[in-house]
Engineer: 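One structure is given below, represented as structure tokens, and several questions about it will come after.
To find a chain, count down the sequence lines: A is the first, B the second, and so on, and within it residues start at 1.
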There are 2 protein chains.
Amino acid sequence: MATEPSHRRGKAVDEKILGAVIDVIEASGTLAIKVDQVAAVAGVNKTTIYRKFPTRDELVLTAILAQAETVIPIPDTGSLRDDLTAIARMVREVVTSPLGRALLSASAESPQLAELRPEYWGARFAVAAEVIERAVRSGECKPPEDPALLIELMVAPIHFRASQVGGEITDTFIELQVDRLMQALT
Amino acid sequence: MATEPSHRRGKAVDEKILGAVIDVIEASGTLAIKVDQVAAVAGVNKTTIYRKFPTRDELVLTAILAQAETVIPIPDTGSLRDDLTAIARMVREVVTSPLGRALLSASAESPQLAELRPEYWGARFAVAAEVIERAVRSGECKPPEDPALLIELMVAPIHFRASQVGGEITDTFIELQVDRLMQALT
DNA sequence: CTTCTAATGCAACACAAAGTTGCAATGGAT
DNA sequence: ATCCATTGCAACTTTGTGTTGCATTAGAAG
């Protein structure tokens, strides 16, 4: 039987490289990383990287996509308001962390990432909207027209403030967003 | 009297260069422009650019700041709702244009721009909030707690969808944001 | 009109980082 | 034990940033 051709050392090295990319991005806080740095951190020769990833951009892109597959846990506190607050706070964690900021800025510059955005965010919103649908089933609130849209509108101000306006994203600010969503549900 | 030392050809050339930077950014849709391109477009030698702007980053930064000083007209239709709609539509124009997208993505990568963000957006929101305060004075609506914050919350979903989520920003979507703001005022 | 000087042009350079190439070394499968 | 794909290594090309020395030129002042 053909046992997976050509992956003798390959697979593990791939992961080491992509992991190193994320590490370097996290450490430097920017996507403008050097391939040599990645090679050093991964403990791998530069040539090996270029054999697997044709260009630096593709290397970074692949690492980001791999990272994006990380599953976000969906909270279930029993209370809709608490679930939404938990989601909003997780979003704040991401958009204020150096790695998160770097990754989010990526979609602006990469046309390839731009194509994947709708699907990516659609999936995220759908998952988060699950807490709303759960509350609807338990009779905690009335069924909204478009749960995913409500989530989008809740997190939008958090993203906007983090990426553009600047200034702190306080607990009060987060509660304001949760309140607005709760109001739309009652 | 000392007649402005050292600006014989200087001033006009500065503007030609900065204008060329914007042109190249607009044409390429990215901030990753080449100094040689700018020199060619401006009809100026590369050395001249480097004499006025120490680094490429500073060149781009200066051009962006100059561009940012562009005054946005504040609408006055007589109706608060129409004013807000006009503002929201102007925001959509900016965030969906290649130049606007490129400029907005800048703040993510430049620490210097990051410092200026709060002041910049504060000013923009204050100007836009004027339409609310005008409506308050005319008795069209009740006085809100923080008009600038309301504007921020109105435009946040537009920015978020343009920069991250992707997908179209329809008139319906814009009206939804205006409606939400109007509801907060009544 | 002449002169003086700062601003510009020009060409050659140093440097950094991306990406390439040919060959040697090596580790795992059979 | 053998084989071959994977990796390491070193030298190279290319592109773009930023610098330097010197020649030109535009314009201000006399």
Side-chain angles (χ1 to χ4, degrees), chain A residues 1-25 27-64 102 106 109-113, chain B residues 1-25 27-64 102 106 109-113:
Chain A
M1 179 173 176
T3 53
E4 286 283 336
S6 74
H7 279 296
R8 303 204 275 205
R9 281 167 284 180
K11 192 60 177 294
V13 176
D14 278 30
E15 285 164 7
K16 260 203 310 184
I17 293 173
L18 295 179
V21 172
I22 296 296
D23 287 347
V24 174
I25 289 177
S28 66
T30 173
L31 297 175
I33 64 179
K34 328 285 183 190
V35 177
D36 294 302
Q37 286 179 13
V38 175
V41 172
V44 150
N45 195 275
K46 185 175 68 162
T47 316
T48 301
I49 295 181
Y50 276 112
R51 288 209 183 92
K52 296 170 178 298
F53 309 96
T55 69
R56 196 202 66 130
D57 284 351
E58 199 146 333
L59 169 65
V60 174
L61 184 71
T62 308
I64 289 176
E109 290 292 322
S110 161
Q112 319 192 50
L113 269 185
Chain B
M1 180 176 176
T3 54
E4 286 283 336
S6 78
H7 279 296
R8 305 205 273 204
R9 281 168 285 183
K11 194 58 180 296
V13 174
D14 278 30
E15 285 163 8
K16 260 204 310 185
I17 293 174
L18 294 179
V21 172
I22 297 297
D23 287 348
V24 174
I25 289 177
S28 67
T30 174
L31 297 177
I33 63 177
K34 325 288 182 189
V35 177
D36 295 301
Q37 286 178 14
V38 176
V41 171
V44 151
N45 194 277
K46 184 177 68 163
T47 317
T48 300
I49 295 181
Y50 276 111
R51 287 210 184 93
K52 296 167 176 301
F53 310 96
T55 69
R56 194 201 68 129
D57 284 351
E58 199 145 334
L59 169 66
V60 174
L61 184 70
T62 307
I64 289 176
E109 291 291 322
S110 160
Q112 319 193 50
L113 268 185

Engineer: Take B:Gly43 and A:Lys46, find for each the nucleotide of DNA chain C with the closest heavy atom, and name the residue whose nucleotide sits nearer the 5' end.
Structural biologist: B:Gly43
Engineer: Can you see if the side chain of A:Thr48 gets near the phosphate of D:dG8 - specifically, an N or O under 4.0 Å from OP1 or OP2?
Structural biologist: yes
Engineer: Does anything in residues 28-36 of chain B come within less than 4.0 Å of DNA chain D? Heavy atoms only, and list the residues if so.
Structural biologist: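 B:Ile33, B:Lys34, B:Val35, B:Asp36, in order of number.
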Engineer: Return the nearest nucleotide to the side chain of A:Arg51; candidates are C:dT20, D:dC9, C:dC10.
Structural biologist: D:dC9
Engineer: Below the 4.0 Å mark, does D:dT7 have OP1 or OP2 next to a side-chain nitrogen or oxygen of A:Lys52?
Structural biologist: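 Answer yes for this pair, as a side-chain N or O of A:Lys52 is under 4.0 Å from OP1 or OP2.
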Engineer: Could you measure the distance from the CD1 atom of B:Ile49 to the NZ atom of B:Lys16? Nearest 0.5 Å is fine.
Structural biologist: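 Reported value, rounded in 0.5 Å steps: 10.5 Å.
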Engineer: Among C:dG19, C:dG22, D:dT19, which is the nearest nucleotide to the side chain of A:Thr47?
Structural biologist: C:dG22
Engineer: Are B:Ile17 and B:Phe53 side-chain neighbours, meaning at least one heavy-atom pair lies under 4.5 Å?
Structural biologist: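 The answer is yes, as the side chains (C-beta and beyond) meet within the 4.5 Å cut-off.
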Engineer: Could you check how far CD of B:Glu15 sits from P of C:dT8, rounded to whole Å?
Structural biologist: 12 Å
Engineer: What is the distance, to the nearest angstrom, from the NZ atom on B:Lys16 to the P atom on C:dA7?
Structural biologist: 16 Å
Engineer: Do B:Leu59 and B:Leu18 come close enough that some side-chain heavy atom pair is under 4.5 Å?
Structural biologist: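 SC-SC contact between B:Leu59 and B:Leu18 confirmed.
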Engineer: How many whole angstroms separate atom CD1 of B:Ile17 from atom C1' of C:dA7?
Structural biologist: 11 Å
Engineer: Between atom CD in A:Gln37 and atom P in C:dA17, what is the gap in whole Å?
Structural biologist: 8 Å
Engineer: What's the verdict on side chain to side chain contact (heavy atoms under 4.5 Å, CB included) for B:Val13 and B:Lys52, showing C-alpha distance, side-chain angles and the deciding distance?
Structural biologist: CA-CA 10 Å; B:Val13 174; B:Lys52 296 167 176 301; 3.8 Å; yes
Engineer: Let me check the geometry of the helix from C:dC1-D:dG30 to C:dT30-D:dA1. What is the bend angle between the axes at its two ends, five pairs each, to 10°?
Structural biologist: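 End-to-end axis angle: 20°.
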Engineer: Taking atom C1' of C:dA17 as reference, at what distance in whole Å does atom CZ of A:Arg56 sit?
Structural biologist: 10 Å
Engineer: Check whether any side-chain heavy atom of A:Tyr50 sits under 4.5 Å from a side-chain heavy atom of A:Thr55, and report yes or no.
Structural biologist: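 Heavy-atom side-chain distance check fails, nothing below 4.5 Å.
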Engineer: Start with the C-alpha gap between B:Asn45 and B:Thr47, add the side-chain angles, then the distance that decides, and say whether side-chain hydrogen bond (donor to acceptor under 3.5 Å, both in side chains) holds.
Structural biologist: CA-CA 5 Å; B:Asn45 194 277; B:Thr47 317; 2.8 Å; yes
Engineer: Other residues, nucleotides and ligands only: do more than 12 of their heavy atoms fall within 6.0 Å of CD on B:Glu58?
Structural biologist: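 It does: B:Glu58 CD has more than 12 such atoms within range.
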Engineer: Tell me: CG of B:Asn45 to P of D:dT24, nearest whole Å?
Structural biologist: 15 Å
Engineer: Over how many whole Å does the gap from A:Glu58 atom CD to C:dA18 atom C1' extend?
Structural biologist: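 Answer to the nearest Å: 15 Å.
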Engineer: For B:Asp57 and B:Ser110, run side chain to side chain contact (heavy atoms under 4.5 Å, CB included): C-alpha distance rounded to whole Å, both residues' side-chain angles, the deciding distance at 0.1 Å, then the answer.
Structural biologist: CA-CA 8 Å; B:Asp57 284 351; B:Ser110 160; over 6 Å; no
Engineer: In whole Å, what is the span from the OH atom of A:Tyr50 to the P atom of D:dT14?
Structural biologist: 16 Å
Engineer: The criterion is side-chain hydrogen bond (donor to acceptor under 3.5 Å, both in side chains); which residues satisfy it with B:Ser28, sequence neighbours excluded?
Structural biologist: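 B:Ser28: no side-chain hydrogen bond (donor to acceptor under 3.5 Å, both in side chains) contacts found.
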